[in-house]
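Just so you know, residue 1 is the first one in the sequence shown, and it goes up from there.
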Amino acid sequence: MSDLHIRHAALPDIDTVLAFWREAAEGTSISDDHDGVARLIATDPEALILAERDGLLVGTVIAGFDGWRCSAYRLAVHPDRRRQGVATALMEAAEQRFAALGGRRVDAMVLEANERAHHTWAAAGYHREDHWRRWVKTL
């Protein structure tokens with residue numbers, strides 16, 4: 001979309017991103033705070049990708065790469081801007097980043113109950129792997 005601006009987040013964007021996630025993202029993460037997002041930006045300044053239209057944040061994705069795996073998190077589009085190509089543009093930017101870094105496969109974190117997201121990911125060519133489960137421990 002020609003009027004969609006894709007860019008990397010910077011430290012001044014943190015509060016806007018956090019407010020956006022409260023409105024547009026499904027679920028929360030232990031890292032959904034100022035320090036968590038600041039650490040992400042400081043560690044990997046190109047990981048948090050923003051989509052803006054008319055100066056307003058309309059979508060996000062975290063495109064993380066640890067040298068081994070490409071991971072997509074926090075693909076979120078404002079409810080009023082869904083089905084307008086925002087998620088597609090964000091994932092294209094993420095996949096271009098991954099390819100440039102030498103990534104071979106993308107793992108996407110998708111909430112089980114978020115069925116709308118399942119359709120979005122499937123339409124983008126992703127498939128569910130039922131033989132894996134995420135195991136977590138809070139530090």
Side-chain angles (χ1 to χ4, degrees):
M1 306 191 100
S2 61
D3 63 336
L4 194 63
H5 177 66
I6 304 291
R7 68 177 179 89
H8 303 290
L11 293 175
D13 296 311
I14 293 173
D15 291 333
T16 300
V17 167
L18 289 169
F20 176 80
W21 284 344
R22 283 191 294 275
E23 184 175 2
E26 294 288 330
T28 58
S29 165
I30 195 169
S31 299
D32 286 357
D33 60 24
H34 195 277
D35 290 341
V37 179
R39 195 168 25 260
L40 170 65
I41 293 170
T43 302
D44 188 349
E46 296 184 355
L48 179 51
I49 302 171
L50 308 180
E52 297 173 323
R53 182 172 283 142
D54 299 324
L56 298 174
L57 182 60
V58 296
T60 67
V61 69
I62 298 173
F65 182 65
D66 61 9
W68 181 261
R69 288 237 168 99
C70 304
S71 299
Y73 307 90
R74 280 292 189 232
L75 177 61
V77 176
H78 190 279
D80 295 339
R81 304 299 180 136
R82 293 181 180 154
R83 304 203 49 81
Q84 298 177 17
V86 176
T88 299
L90 284 165
M91 285 312 301
E92 285 174 359
E95 290 170 4
Q96 288 172 6
R97 175 174 200 260
F98 293 145
L101 292 169
R104 298 178 180 180
R105 177 181 113 163
V106 181
D107 291 340
M109 296 298 299
V110 183
L111 286 172
E112 190 65 30
N114 189 352
E115 291 188 23
R116 179 179 21 230
H118 299 178
H119 298 292
T120 300
W121 287 101
Y126 291 76
H127 66 275
R128 178 181 166 146
E129 288 189 334
D130 290 327
H131 59 278
W132 295 105
R133 289 291 181 261
R134 183 169 102 161
W135 291 45
V136 300
K137 176 182 177 182
T138 301
L139 300 177

Before accepting this row, confirm whether a basic side-chain N of the pair [X]/[Y] lies closer than 4.0 Å to the acidic partner's carboxylate O.
X	Y	answer
Glu129	Arg105	yes
Asp80	Arg53	no
Asp32	Arg22	no
Arg97	Asp44	yes

Leu75 and Leu90: side chain to side chain contact (heavy atoms under 4.5 Å, CB included), yes or no, with the steps? CA-CA 8 Å; Leu75 177 61; Leu90 284 165; 4.1 Å; yes

Would you confirm whether Asp54, through its side chain, and Leu56, through its main-chain N or O, come within 3.5 Å as a donor-acceptor pair?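 Between the backbone of Leu56 and the side chain of Asp54 there is no qualifying donor-acceptor contact (under 3.5 Å).
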
Looking at Val106, is its backbone amide N or carbonyl O close enough to the side chain of Ser71 to form a donor-acceptor pair, meaning the two atoms are under 3.5 Å apart?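 A pair under 3.5 Å: no.
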
Where [X] and [Y] come nearest, the two heavy atoms and their spacing:
X	Y	value
Leu4	Ala89	CD2-CB, 3.6 Å
Gly64	Phe98	O-CE2, 3.4 Å
Cys70	Gly103	SG-CA, 3.4 Å

Measuring from atom [atom1] of [X] to atom [atom2] of [Y], what distance do you get when rounded to the nearest 0.5 angstrom?
X	Y	atom1	atom2	answer
Ile41	Ile62	CD1	CD1	9.0 Å
His5	Glu52	NE2	CD	5.5 Å
Arg82	His78	CZ	NE2	8.5 Å
Leu18	His34	CG	NE2	7.5 Å

Ile6 and its side-chain contact (heavy atoms from CB on, under 4.5 Å) partner, picked from Ile49, Val86, Leu50, Val61: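 Between Ile6 and the candidates, side-chain contact (heavy atoms from CB on, under 4.5 Å) is satisfied uniquely by Ile49.
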
Contact check, side chains of [X] and [Y], non-hydrogen atoms, under 4.5 Å:
X	Y	value
Val58	Val77	no
Arg7	Asp13	yes
Thr16	Trp21	no
Arg39	Ser31	no

Is there a side chain to side chain contact (heavy atoms under 4.5 Å, CB included) between Ser29 and Arg74 once you walk through the steps? CA-CA 10 Å; Ser29 165; Arg74 280 292 189 232; 4.1 Å; yes

Between Leu11 and Phe20, is there a shared hydrophobic cluster once you connect ILVMFWY residues whose side-chain heavy atoms come closer than 4.5 Å?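 Looking at the clustering, Phe20 is in the same group as Leu11.
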
